Amino acid sequence: MKLSTPKPDQKVDLSRINLLDPQFFATGDPHEVWRYLRCNAPIYFQQLDDGRGFWSVTRYDDVCRVLKDYNTFTSQQGTMLCILNKPDIAAGKMMASTDPPRHTEMRKPLERILSAGALQSHLPGLRRVAADLLAPGLSGDLWDFAQAALMFPMAFTGALIGIPESDWKHLARQTTMSIACDDPEFMEGSPEETLRLAHHELLAYFACEIARRRRTGSGDDLIGQMMDMDVGGNRLTNEEIIFNCYGLLLGANVTTPQAASVTVLAMAENPDEYGRWASRPELLASGIEEGLRWSSPVNHFMRYAVRDIEIHGVMIRRGEAVVAWIGSANRDEQVFDNPYQFDVGRHPNRHVAFGFGPHFCIGASLARYALRALFSELLRCVERIELVGPVAHLASNFVAGINHMTVRMIPR
Ligand code: HEM
């Protein structure tokens with residue numbers, strides 16, 4: 001997705017904007033539209049030709065409110081625009097599609113496994129994975145960083161879940177297919193067929209894996225731990241394990257590469273800022289946080305109102321969909337000084353790239369560790385990054401992504 005700096009007085013004809021259209025996110029300018037909505041229509045209804053429609057909230061405070069208040073805005077009827085007004089088959093079974101209290105029961109034991117403290121022992125492994133990812137780029141040859149980054153999370157989340165390396169490539173593609181079924185590069189048949197195929201491949205993969213382990217023993221990886229874990233006094237069902245494996249893999253695969261690619265792009269475009277970052281090791285963590293705010297890999301999450309509720313004097317009716325645009329919240333000028341400026345030392349930085357409230361990303365610590373490993377290696381080894389040629393963006397209303405980005409990394 002294009003990360004533009006919209007002009008403050010730019011007018012937008014909303015009747016010409018379709019926030020559902022994946023192509024709009026590949027070639028259009030969502031930031032211009034979001035800025036206009038924040039200023040002029042903080043609660044905005046888009047009516048679709050087929051009779052469906054959805055509300056958008058774009059201001060930081062409203063995004064947080066919708067994501068946090070699960071008593072008013074449920075996650076159990078679908079959380080992504082691509083399934084607007086269609087049933088969510090994972091409702092009540094997968095964490096992201098389940099409201100408290102069941103959500104809390106499922107999340108607690110997984111939260112312990114994925115906590116910053118519990119992941120400490122993985123840090124040396126993460127550093128190796130980061131160095132392996134960067135190695136081909138350090139020759140100084142032209143290199144498609146965005147393509148290489150797509151495999152990055154498989155090497156830490158895939159391994160953590162218990163997926164053998166031989167399956168990483170196939171599963172990484174299936175996860176992107178399931179969030180970008182309209183992108184020509186990932187389509188296998190029509191968008192509907194692409195989505196169906198990806199879901200089938202991923203769910204069947206985990207179903208087979210669990211069946212195998214029921215015969216041979218659960219193992220000590222994340223799948224094994226999920227099979228044995230106590231959730232509200234019971235074990236998870238097969239279906240719950242399958243959906244949660246899917247959720248964890250999807251959560252990691254479609255986001256972390258984009259945080260890395262978009263940050264690399266920002267550094268190629270701002271060599272002075274890159275120089276500042278490289279010369280001030282104490283800014284490693286704040287630079288990563290700024291990369292997360294800047295890239296906002298997840299554009300939106302959706303909820304449904306379970307009762308009539310008023311926002312900014314507008315009545316949202318029970319059953320209506322409300323889309324919280326995270327990418328917009330992270331540029332809200334009421335919260336961030338100079339929001340369209342990448343500042344590696346930004347402080348405070350209350351970005352919501354990982355969401356807000358009960359569904360706050362459970363993989364946030366893992367993603368932060370992985371990105372710190374990657375960028376500490378990059379800053380150590382690379383003098384400067386040059387962008388070579390145009391950037392190809394992912395067609396997805398869900399993930400702000402880059403498909404191709406050729407760079408030359410000049411080694412130190
Ligand atoms: C830069 C990387 C990442 C970003 C930007 C990101 C973003 C998000 C966001 C915005 C949510 C909130 C969902 C909601 O409100 O409905 C979320 C939830 C989630 N994420 Fe991440 N994520 C990242 C990395 C990861 C990783 C590495 C994993 C796996 C280890 C993961 C797994 C999940 C899961 C399972 C949920 C659902 C949590 C729940 O419902 O309680 N994510 N993520």
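Values reported hereafter were calculated over all heavy atoms of this structure, with side chains retained and with hydrogens, waters and symmetry mates removed. Start at 1 and go down the list; that is how both ligands and their atoms are numbered. What you see is a predicted model; the values in this text were computed from it and never measured.
- Ligand 1 is never approached by P153 to a heavy-atom distance shorter than 4.0 Å.
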* Candidate pair R412 and E383, rule salt bridge (Lys or Arg N to Asp or Glu O under 4.0 Å), full reasoning -> CA-CA 5 Å; R412 291 194 188 280; E383 172 73 33; 3.1 Å; yes
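- In terms of modelled atom types and a separation under 3.5 Å, the side chain of E386 and the main chain of M409 share no donor-acceptor contact.
- For the pair D308 (side chain) and R317 (backbone), a donor-acceptor distance under 3.5 Å is absent.
- The single protein non-hydrogen atom nearest to atom 13 (C) of ligand 1 is F301 CE1, 3.2 Å, given as residue, atom name and distance.
- Between the side chain of H300 and the backbone N or O of W325, no donor-acceptor pair lies under 3.5 Å.
- Of all protein heavy atoms, the one lying nearest to atom 27 (C) of ligand 1 is A252 CB, 3.4 Å.
- Distances from atom 21 (Fe) of ligand 1 to the heavy atoms of A400, C361, A370 show the closest one on C361.
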* To do: Apply the test side chain to side chain donor-acceptor pair (under 3.5 Å) to residues D343 and N338: give CA-CA distance (whole Å), side-chain angles for both, the deciding distance (0.1 Å), then the verdict.
  => CA-CA 9 Å; D343 173 2; N338 300 318; over 6 Å; no
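- Of the candidates T79, V298, L366, N253, L366 brings a heavy atom nearest to atom 30 (C) of ligand 1.
- Atom 37 (C) of ligand 1 has A96 CB, 3.9 Å as its closest protein atom, hydrogens excluded (heavy atom only).
- Remark: minimum distance from atom 12 (C) of ligand 1 to any protein heavy atom is reached at H359 O, 3.4 Å.
- For R59 (side chain) and D332 (main-chain N/O), no donor-acceptor pair under 3.5 Å exists by modelled atom type.
- Relative ring orientation between F301 and F398 is described as perpendicular, the plane-to-plane angle rising above 60° on a 0-90° scale split at 30° and 60°.
- Taking the ring centroids of H351 and F336, they lie at or beyond the 6.0 Å cut-off.
- In this structure, Q258 does not count as a contact residue of ligand 1, since none of its heavy atoms falls inside 4.0 Å of the ligand.
- The shortest contact between atom 32 (C) of ligand 1 and any protein heavy atom is with G251 CA, 3.8 Å.
- For ligand 1, the atoms closer than 4.0 angstrom to any heavy atom of P297 are 5 (C).
- Counting heavy atoms from C-beta on, the side chains of R331 and Y340 come closer than 4.5 Å.
- Side-chain atoms of R303 do not come within 3.5 Å of backbone N or O of A321 as any donor-acceptor pair.
- Not a single heavy atom of S75 sits under 4.0 Å from any atom of ligand 1.
- Evaluated by nearest non-hydrogen atom to atom 33 (C) of ligand 1, the leading choice among L249, I362, T98, L292 is I362.
- No hydrogens or angles considered: a donor-acceptor pair under 3.5 Å links the side chains of R307 and T72.
- With ligand atoms numbered from 1 in the order given, ligand 1 contributes 10 (C) to contacts under 4.0 Å with heavy atoms of G355.
- L14 has its side chain out of reach of N40: every pair of non-hydrogen atoms, C-beta onward, lies at least 4.5 Å apart.
- Only side-chain heavy atoms of I326 come within less than 4.0 Å of ligand 1; its backbone N, CA, C and O stay farther off.
- Under a 4.0 Å heavy-atom criterion, P358 is in contact with ligand 1.
- By the 4.0 Å heavy-atom criterion, H103 is counted among the residues contacting ligand 1.
- Of all protein heavy atoms, the one lying nearest to atom 5 (C) of ligand 1 is A353 O, 3.5 Å.
- Summary of contacts: the protein heavy atom closest to atom 14 (C) of ligand 1 is R303 NH2, 3.3 Å.
- Residue R107 has at least one N or O atom closer than 3.5 Å to an N or O atom of ligand 1.
- Nearest protein heavy-atom neighbour of atom 2 (C) of ligand 1: T255 OG1, 3.3 Å.
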